[in-house]
Amino acid sequence: MDSYWHFIQRNIDYIPAGTQEKIRRTKTLIAGCGMGSYFAEAAVRVGYERFILADHDIVELHNLNRQAYAASDVGSYKAEALAARMRAINPNVDIEIIADKITEKNAVDLVSRADTVFDTIDFVDLGALVALHDACTRLNKPVTTAVNAGFGSVCLHFPAVKQVSFRQMFDLPATGSVADVSYGEKYVQFINKIASLLDPSVLDAFYKTVQALQDGRTCPASQVAPGAMTVAALATTIAVRVTMELPVVEAPNVISCNLSGLVAGKGAAVR
């Protein structure tokens with residue numbers, strides 16, 4: 001028996017064999033290997049085998065509280081350390097490592113070589129975000145954007161044929177550079193629109209971070225592991241449903257999960 005089918009045999013009641021074969025052949029571009037690291041691990045365990053990992057950053061100690069790295073990875077490029085972790089799970093994965101930033105110069109080439117895209121580029125790097133999404137729109141490639149939201153997450157899924165583009169979603173210029181656009185202002189507008197979906201602690205942390213940036217102070221956004229893992233669960237489920245040609249909520253609508261709210265809410269009685 002092909003070792004792949006032995007590897008994924010416990011998927012059988014949830015993922016049909018035909019879909020599993022499509023998953024195996026699908027090439028996924030992971031743009032951002034920080035929060036994308038847990039998505040990458042979930043995707044490998046589901047049976048995805050072909051990846052492009054793009055991230056110019058290195059692993060730092062403060063990443064370890066919510067990213068899929070170990071202390072021994074500190075100082076390594078995230079894309080390289082993540083590739084090693086993925087190969088430890090499935091030695092047969094085919095991984096291309098791009099230890100570089102996504103820019104207008106390389107976005108089209110990277111997206112053209114992928115079937116689907118998972119995006120966790122920091123909103124601070126608005127130019128990279130727009131370059132990635134412009135390429136996905138131009139090439140009709142599906143892209144899922146994920147945001148860690150405390151003990152939960154928010155995902156935006158832009159299908160191959162999009163109802164709205166990333167530029168439209170965030171009220172950005174239809175074409176051209178966004179160098180003069182205030183990323184903080186645009187992100188605040190977005191968060192305000194979805195505030196009712198978020199735990200109050202997420203809003204407090206977000207506005208604190210934005211204020212610090214506007215004041216010229218360094219204030220890394222707070223993030224915890226359950227949120228990153230929720231991102232992985234949501235995004236991997238979206239990816240599988242797209243492959244199975246099942247309905248997925250599309251942008252401009254958001255997909256959200258607030259674990260704090262679920263835990264605090266009223267559960268179902270067991271009788």
Discussion item. Donor-acceptor pair, distance only, cut-off 3.5 Å: does the side chain of K78 make one with the backbone of S76?
Written reply: no
Worksheet item: Given the rule that I, L, V, M, F, W and Y join up when any side-chain heavy atoms are under 4.5 Å apart, are Y77 and L61 in one cluster?
Response: no
Practice prompt. Treating Ile, Leu, Val, Met, Phe, Trp and Tyr as nodes and any side-chain heavy-atom pair under 4.5 angstrom as an edge, say whether V249 and V117 lie in one connected cluster.
Written response: no
Item to complete: Could you tell me which residues satisfy salt bridge (Lys or Arg N to Asp or Glu O under 4.0 Å) with E96, sequence neighbours excluded, listed by chain and number?
Response: R113
Discussion item. Are the side chains of T19 and I23 in contact, using a 4.5 Å heavy-atom criterion?
Written reply: yes
Worksheet item: After noting the C-alpha distance and the side-chain angles of T116 and V242, does the key distance pass the side chain to side chain contact (heavy atoms under 4.5 Å, CB included) rule?
Response: CA-CA 10 Å; T116 188; V242 169; 6.0 Å; no
Item to complete: Would you check, one step at a time, whether the test side chain to side chain contact (heavy atoms under 4.5 Å, CB included) holds for S153 with N148?
Response: CA-CA 5 Å; S153 63; N148 186 320; 5.9 Å; no
Worksheet entry | E49 side chain to N90 side chain, donor-acceptor N/O pair below 3.5 angstrom | yes
Item to complete: Provide the closest heavy-atom pair for I30 versus A40 in the form atom of the first, atom of the second, distance.
Response: CD1-CB, 3.5 Å
Worksheet entry | Shortest non-hydrogen contact between S201 and D199, atoms and distance | OG-OD2, 2.6 Å
Worksheet item: Is a side-chain donor or acceptor of K141 paired with a backbone partner of S112 at a separation under 3.5 angstrom?
Response: yes
Discussion item. Do I255 and L234 have side chains that approach each other closer than 4.5 Å (heavy atoms only, starting at C-beta)?
Written reply: yes
Worksheet item: Hey, are the side chains of V108 and L139 touching, using non-hydrogen atoms and a 4.5 Å cut-off?
Response: yes
Fill in: D180 CG: over 12 foreign heavy atoms closer than 6.0 Å
no
Discussion item. Donor-acceptor pair, distance only, cut-off 3.5 Å: does the side chain of R50 make one with the backbone of R25?
Written reply: yes
Discussion item. Let's go through L197 and V254 carefully: what are the C-alpha distance in whole Å and the side-chain angles of both, what is the deciding distance for side chain to side chain contact (heavy atoms under 4.5 Å, CB included) to 0.1 Å, and is it a yes or a no?
Written reply: CA-CA 9 Å; L197 303 175; V254 302; 3.2 Å; yes
Worksheet item: Can you check whether G32's main-chain N or O pairs, donor with acceptor, with T120's side chain at less than 3.5 Å?
Response: yes
Response to the item:
Value for CD1 (I191) from CZ (F206), rounded to nearest 0.5 Å, stands at 4.5 Å
Practice prompt. State whether the side chain of D125 and the backbone N or O of D122 hold a donor-acceptor pair below 3.5 Å, judged by distance alone.
Written response: no
Fill in: E250 side chain reached by F158 side chain, heavy atoms, under 4.5 Å
no
Fill in: Distance, nearest 0.5 Å, that separates CG of D119 from CZ of F39
11.0 Å
Item to complete: Report the residue from L198, N258, T230, V231 that forms a side-chain contact (heavy atoms from CB on, under 4.5 Å) with V154.
Response: L198
Worksheet item: So which of H62, R66, Q67 actually passes side chain to side chain donor-acceptor pair (under 3.5 Å) with Q223?
Response: R66
Worksheet, complete the sentence: Heavy-atom nearest pair, P252 first then L156, reads O-CD2, 4.4 Å
Practice prompt. Kindly work out whether a path of hydrophobic side-chain contacts (I/L/V/M/F/W/Y, heavy atoms less than 4.5 Å apart) joins M169 to V143.
Written response: yes
Throw together a table of side-chain donor-acceptor distances under 3.5 angstrom for residues 170-177, partners on residues two or more places apart or in other chains.
from, atom 1, to, atom 2, distance (Å)
S177, OG, A179, N, 3.0

Practice prompt. Check whether the side chains of Y207 and N192 place a donor and an acceptor atom closer than 3.5 Å, and report yes or no.
Written response: yes
Discussion item. Let's go through Y183 and F123 carefully: what are the C-alpha distance in whole Å and the side-chain angles of both, what is the deciding distance for ring pair (Phe, Tyr, Trp, His ring centres under 6.0 Å) to 0.1 Å, and is it a yes or a no?
Written reply: CA-CA 7 Å; Y183 69 85; F123 209 88; 7.1 Å; no
Discussion item. Please check if the number of heavy atoms outside R87 that lie under 6.0 Å from its CZ is greater than 12.
Written reply: yes
Discussion item. Surrounding CD of E104 (heavy atoms of other residues, nucleotides or ligands, distance under 6.0 Å), is the total greater than 12?
Written reply: no
Discussion item. For the CZ atom on F166, are there more than 12 heavy atoms of other groups (residues, nucleotides or ligands in this structure) within a distance under 6.0 Å?
Written reply: yes
Worksheet item: Would you call D115 and T28 a side-chain contact if the rule is heavy atoms closer than 4.5 Å?
Response: no
Worksheet item: Can you name the closest pair of heavy atoms from Q163 and Q168 and give their distance?
Response: O-OE1, 4.3 Å
Worksheet item: Between C136 and K162, what is the shortest heavy-atom contact and its length?
Response: O-NZ, 3.4 Å
Discussion item. Check whether Y48 forms a cation-pi arrangement with R24 (NZ or CZ under 6.0 Å from the six-membered ring centre, at most 45° off the ring normal).
Written reply: no
Fill in: Spacing of I194 atom CD1 and N253 atom CG [to the nearest 0.5 Å]
12.0 Å
Discussion item. Under a 3.5 Å threshold, yes or no: a donor from one side chain and an acceptor from the other, between T145 and H133?
Written reply: yes
Worksheet item: Salt-bridged, K101 to D55, with N to O below 4.0 Å?
Response: no
Worksheet entry | L132 side, atom CG; L29 side, atom CG - distance, nearest 0.5 Å | 6.5 Å
Fill in: Interatomic distance, T237 atom OG1 to M244 atom CE [nearest 0.5 angstrom]
11.0 Å
Worksheet item: Is the number of heavy atoms from other residues, nucleotides or ligands within 6.0 Å of CD (Q9) greater than 12?
Response: yes
Worksheet item: Under a 4.5 Å side-chain heavy-atom rule over Ile, Leu, Val, Met, Phe, Trp and Tyr, are V124 and V147 clustered together?
Response: yes
Discussion item. Restricting to non-hydrogen atoms, name the atom on G36 and the atom on F118 that form the minimum distance, rounded to 0.1 Å.
Written reply: CA-CE2, 3.7 Å
Worksheet item: Can you check whether H157 reaches R241 side chain to side chain, under 4.5 Å on heavy atoms?
Response: no
Practice prompt. Using atom types as modelled and distance alone, determine if a side-chain donor or acceptor of Y69 lies under 3.5 Å from a backbone N or O of G34.
Written response: no
Worksheet entry | Main-chain N/O of N106 paired with D109 side-chain donor or acceptor, under 3.5 Å | no
Worksheet item: Does one hydrophobic cluster hold both V93 and I15, with members joined at side-chain heavy-atom distances below 4.5 Å?
Response: yes
Worksheet item: Is any side-chain heavy atom of V46 closer than 4.5 Å to a side-chain heavy atom of V240?
Response: yes
Item to complete: Decide side chain to side chain contact (heavy atoms under 4.5 Å, CB included) for K27 and F51; before the verdict, give the C-alpha distance in whole Å, the side-chain angles of both, and the deciding distance to 0.1 Å.
Response: CA-CA 5 Å; K27 179 176 284 190; F51 296 91; over 6 Å; no
Discussion item. Just so I know, are the side chains of T236 and R45 near enough to count as touching, which here means a heavy-atom distance under 4.5 Å?
Written reply: no
Worksheet entry | Pairwise distance SG(C33) to CG(L53) - rounded to 0.5 angstrom | 4.5 Å
